[in-house]
Amino acid sequence: QVQLVESGGGLVQAGGSLRLSCDASGRSFRNNAMGWFRQAPGKEHEFVAAISWSGGGTNYADSVKGRFTISRDNAKNAVYLQMNSLKPEDTAVYYCAAAPTMAWVPSEYSYWGQGTQVTVSS
């Protein structure tokens, strides 16, 4: 069992940066790959980034590659999403999620946080 709580969202101007955090509880966190997804109003969950259980492997959606960086600190039971050069189209609720292996599909993730709102103004 893994419980996830996101934080760090907010309102930022285009071109700005935000760092999202996802704090996890539960002994199995270190055995899970972690992912970040986002959901804009009226749209489906969109894959953003994923990281392997060790942190040695990462994957990104093309739309965020080069601007976002996913990382994790297993000693702190936390995963992060550094978002730079933000664009209005990045506006969404951002969720962290846990899965047995890295995946791009939401259905592969067993545990989800409640989400944190990111709004990028133009």
Side-chain angles (χ1 to χ4, degrees):
Q1 194 81 4
V2 178
Q3 294 80 42
L4 305 171
V5 179
E6 302 94 336
S7 61
L11 174 64
V12 64
Q13 288 188 332
S17 297
L18 281 174
R19 188 191 193 211
L20 304 184
S21 297
C22 175
D23 294 314
S25 59
R27 288 180 290 179
S28 61
F29 168 77
R30 300 178 186 186
N31 297 329
N32 279 268
M34 297 296 297
W36 284 97
F37 289 79
R38 65 188 181 187
Q39 188 174 27
K43 295 189 176 181
E44 300 291 323
H45 278 91
E46 177 190 11
F47 171 76
V48 175
I51 188 166
S52 64
W53 68 270
S54 67
T58 58
N59 273 303
Y60 297 92
D62 288 343
S63 59
V64 307
K65 203 170 290 184
R67 299 188 298 124
F68 291 10
T69 303
I70 189 171
S71 61
R72 68 189 295 163
D73 185 338
N74 286 341
K76 296 182 177 179
N77 277 12
V79 63
Y80 309 100
L81 186 68
Q82 177 67 43
M83 306 186 296
N84 299 328
S85 303
L86 282 161
K87 304 175 181 180
E89 52 263 44
D90 294 318
T91 295
V93 177
Y94 283 71
Y95 300 88
C96 68
T101 59
M102 286 201 300
W104 296 260
V105 180
S107 60
E108 295 293 318
Y109 288 78
S110 303
Y111 305 103
W112 292 79
Q114 84 290 348
T116 185
Q117 176 71 46
V118 171
T119 303
V120 184
S121 63
S122 58

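Fair warning: this is a prediction, and the values are worked out from it, not measured in the lab.
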**Members sharing Tyr80's hydrophobic cluster (side chains within less than 4.5 Å)** = none
**Fill in**
Residues pairing under salt bridge (Lys or Arg N to Asp or Glu O under 4.0 Å) where one sits in residues 54-64, two or more places apart or in two chains, turn out to be Asp62-Lys65
**Message:** Please enumerate all residues that pass side chain to side chain donor-acceptor pair (under 3.5 Å) together with Thr119, with sequence neighbours excluded.
**Reply:** Gln117
**Request:** Please identify each residue that fulfils side chain to side chain donor-acceptor pair (under 3.5 Å) with Asn84, with sequence neighbours left out.
**Result:** Ser17, Gln82
Kindly work out whether a path of hydrophobic side-chain contacts (I/L/V/M/F/W/Y, heavy atoms less than 4.5 Å apart) joins [X] to [Y].
{"X": "Val79", "Y": "Val93", "answer": "no"}
{"X": "Phe37", "Y": "Tyr94", "answer": "no"}
{"X": "Met83", "Y": "Trp36", "answer": "yes"}
{"X": "Ile70", "Y": "Phe68", "answer": "yes"}

For [range], which residue pairs qualify under disulfide bond (SG atoms under 2.5 Å apart), counting only residues two or more places apart or in two chains?
{"range": "residues 44-91", "answer": "none"}
{"range": "residues 56-94", "answer": "none"}
{"range": "residues 83-122", "answer": "Cys22-Cys96"}

Please check this pair: side chain of [X] against backbone of [Y], looking for a donor-acceptor N/O pair closer than 3.5 Å.
{"X": "Glu6", "Y": "Gln114", "result": "yes"}
{"X": "Thr91", "Y": "Val120", "result": "yes"}
{"X": "Asp73", "Y": "Ala75", "result": "yes"}

On a heavy-atom basis, which atom in [X] and which in [Y] lie closest, and how many Å separate them?
{"X": "Val48", "Y": "Val64", "value": "O-CG2, 3.5 Å"}
{"X": "Ala98", "Y": "Leu4", "value": "N-CD1, 3.9 Å"}
{"X": "Asp23", "Y": "Ala78", "value": "OD1-CB, 3.8 Å"}

Using the salt bridge (charged side-chain N to carboxylate O under 4.0 Å, His left out) criterion, which residues pair with [X]? Sequence neighbours excluded.
{"X": "Arg67", "value": "Asp90"}
{"X": "Glu46", "value": "Arg38"}
{"X": "Lys43", "value": "none"}

Gap between atom [atom2] of [Y] and atom [atom1] of [X] - 0.5 Å precision:
{"X": "Leu81", "Y": "Tyr60", "atom1": "CG", "atom2": "OH", "result": "7.5 Å"}
{"X": "Ser71", "Y": "Met34", "atom1": "OG", "atom2": "CE", "result": "11.5 Å"}
{"X": "Leu20", "Y": "Tyr95", "atom1": "CG", "atom2": "OH", "result": "13.0 Å"}

**Message:** Using the side-chain contact (heavy atoms from CB on, under 4.5 Å) criterion, which residues pair with Asn74? Sequence neighbours excluded.
**Reply:** Phe29, Arg30, Arg72
Which donor-acceptor pairs under 3.5 Å do side chains of residues 100-113 form with protein atoms, sequence neighbours excluded?
residue, atom, partner, partner atom, Å
Tyr109, OH, Ala103, N, 3.4
Tyr109, OH, Ala103, O, 2.7
Trp112, NE1, Tyr109, O, 3.3

**Prompt:** Is the CD atom of Glu44 crowded by more than 12 outside heavy atoms at less than 6.0 Å?
**Reply:** no
